[in-house]
Trainee: 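Take a look at this one; I'll ask things after.
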Amino acid sequence: MRISVSSDMDEPVARLLLAELRARGHDVVPHGALREGDDARWAVCSEAAARDVASGASDQAVVCCWTGTGASIAANKVPGVRAALCTDAYTADGARRWNDANVLAIGLRLTSEPLLKEILDAWFAAEAGTDADDRENMAHVERLDVSRGDGRTG
């Protein structure tokens, strides 16, 4: 799987994330502080990774900043992206299963090596669910991507 990864800081957990994804056999596309010469502002590098997913250049992305909040907000502004800030394995599993999330957001501040591995294990083990309610919720979210903000589409 091709996975874009962004981080606004070159922190040990971000470097561990790159190494862990590569060790799991993924093709990794770095952005931000993880790529020399790239713009490392969280809004910019998170958008770049999210655009890779939206365009089909990458299958998924992992976006990182100090808390993970800004990275998830920026990624979610890209149409077609469903970024989930995950602080534990249960949340990562649910984000994939119930929300069909295609971008994982991670906070650099509190994510330890064992926790990162648990989150990644859950993220990659889960798939989008087939429950009718979940699918209808996701269809509604997709319609929001094209909404004009007044409840009408077009």
Side-chain angles (χ1 to χ4, degrees), residues 1-89 91-111 115-117 119-120 122-124 126-128 134 137-154:
M1 185 180 307
R2 186 174 178 95
I3 302 176
S4 291
V5 178
S6 70
S7 181
D8 64 340
M9 294 183 286
D10 189 0
E11 290 286 313
V13 70
R15 288 290 166 182
L16 174 65
L17 173 61
L18 293 176
E20 185 65 26
L21 290 171
R22 288 180 178 131
R24 292 171 185 240
H26 300 293
D27 179 22
V28 177
V29 180
H31 291 281
L34 304 174
R35 183 177 182 175
E36 191 168 332
D38 235 15
D39 192 331
R41 292 176 294 167
W42 59 261
V44 175
C45 64
S46 297
E47 176 196 3
R51 287 202 182 281
D52 286 351
V53 173
S55 72
S58 289
D59 301 298
Q60 295 183 5
V62 183
V63 295
C64 305
C65 68
W66 193 240
T67 64
T69 305
S72 65
I73 291 170
N76 274 318
K77 295 296 182 181
V78 177
V81 168
R82 295 171 305 282
L85 175 56
C86 297
T87 57
D88 57 57
T91 305
D93 175 76
R96 292 284 300 129
R97 188 173 316 279
W98 301 317
N99 311 126
D100 194 15
N102 54 10
V103 174
L104 171 62
I106 297 283
L108 299 170
R109 179 175 176 261
L110 297 176
T111 306
L115 180 58
L116 176 64
K117 289 179 179 182
I119 291 169
L120 292 176
W123 181 267
F124 291 119
E127 294 180 0
D134 293 338
N137 276 316
M138 292 317 308
H140 181 80
V141 169
E142 289 173 9
R143 290 190 298 272
L144 292 174
D145 276 341
V146 296
S147 174
R148 296 187 329 204
D150 59 4
R152 295 178 291 158
T153 58

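The basis for the numbers below is simple: all heavy atoms, side chains too, and nothing from hydrogens, waters or symmetry mates.
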Trainee: Counting only pairs under 3.5 Å, give me each side-chain donor-acceptor contact of residues 102-111, with atom names and distances, residues two or more places apart or in other chains.
Mentor:
from	atom 1	to	atom 2	distance (Å)
N102	OD1	R82	N	2.8
N102	ND2	G80	O	3.1
T111	OG1	G107	O	2.6

Trainee: Under the salt bridge (charged side-chain N to carboxylate O under 4.0 Å, His left out) definition, can you give me all pairs with a residue in residues 25-35, not counting sequence neighbours?
Mentor: R2-D27
Trainee: Could you pull out all residues at least two apart from D52 that satisfy side chain to side chain donor-acceptor pair (under 3.5 Å)?
Mentor: S4, H31
Trainee: Any side chain to side chain donor-acceptor pair (under 3.5 Å) pairs touching residues 70-79, not counting sequence neighbours?
Mentor: none
Trainee: Under the salt bridge (charged side-chain N to carboxylate O under 4.0 Å, His left out) definition, can you give me all pairs with a residue in residues 3-17, not counting sequence neighbours?
Mentor: D10-R15
Trainee: Listed by chain and number, what are the side-chain contact (heavy atoms from CB on, under 4.5 Å) partners of A95, not counting sequence neighbours?
Mentor: A84, C86, N99, A101, W123
Trainee: Do you know which two heavy atoms are closest between D88 and I119, and how far apart they sit?
Mentor: C-CG1, 3.7 Å
Trainee: For residues I3 and A61, report the shortest heavy-atom separation together with the two atoms involved.
Mentor: CG2-CA, 4.0 Å
Trainee: Can you name the residues that form a side chain to side chain donor-acceptor pair (under 3.5 Å) with D38, not counting sequence neighbours?
Mentor: none
Trainee: Please find the pair of heavy atoms, one from A14 and one from L34, that lie closest to each other, and give the distance.
Mentor: CB-CD2, 3.9 Å
Trainee: Would you give me the side-chain donor-acceptor pairs under 3.5 Å for residues 42-50, sequence neighbours excluded?
Mentor:
from	atom 1	to	atom 2	distance (Å)
S46	OG	W42	O	2.7
E47	OE2	R51	NE	2.7
E47	OE2	R51	NH2	3.1

Trainee: Only counting residues at least two apart or in another chain, list the ones meeting side-chain contact (heavy atoms from CB on, under 4.5 Å) with R24.
Mentor: E20, H26, K117, L120, D121, F124
Trainee: Nearest heavy-atom pair of C65 and G68: which atoms, and what distance?
Mentor: SG-N, 3.2 Å
Trainee: Partners of W98 by side chain to side chain donor-acceptor pair (under 3.5 Å), sequence neighbours excluded?
Mentor: none
Trainee: Please enumerate all residues that pass side-chain contact (heavy atoms from CB on, under 4.5 Å) together with A40, with sequence neighbours excluded.
Mentor: A33
Trainee: Can you name the residues that form a side chain to side chain donor-acceptor pair (under 3.5 Å) with T87, not counting sequence neighbours?
Mentor: none
Trainee: If you compare all heavy atoms of V81 against all heavy atoms of A75, which two are closest, and at what distance to 0.1 Å?
Mentor: CG1-O, 3.3 Å
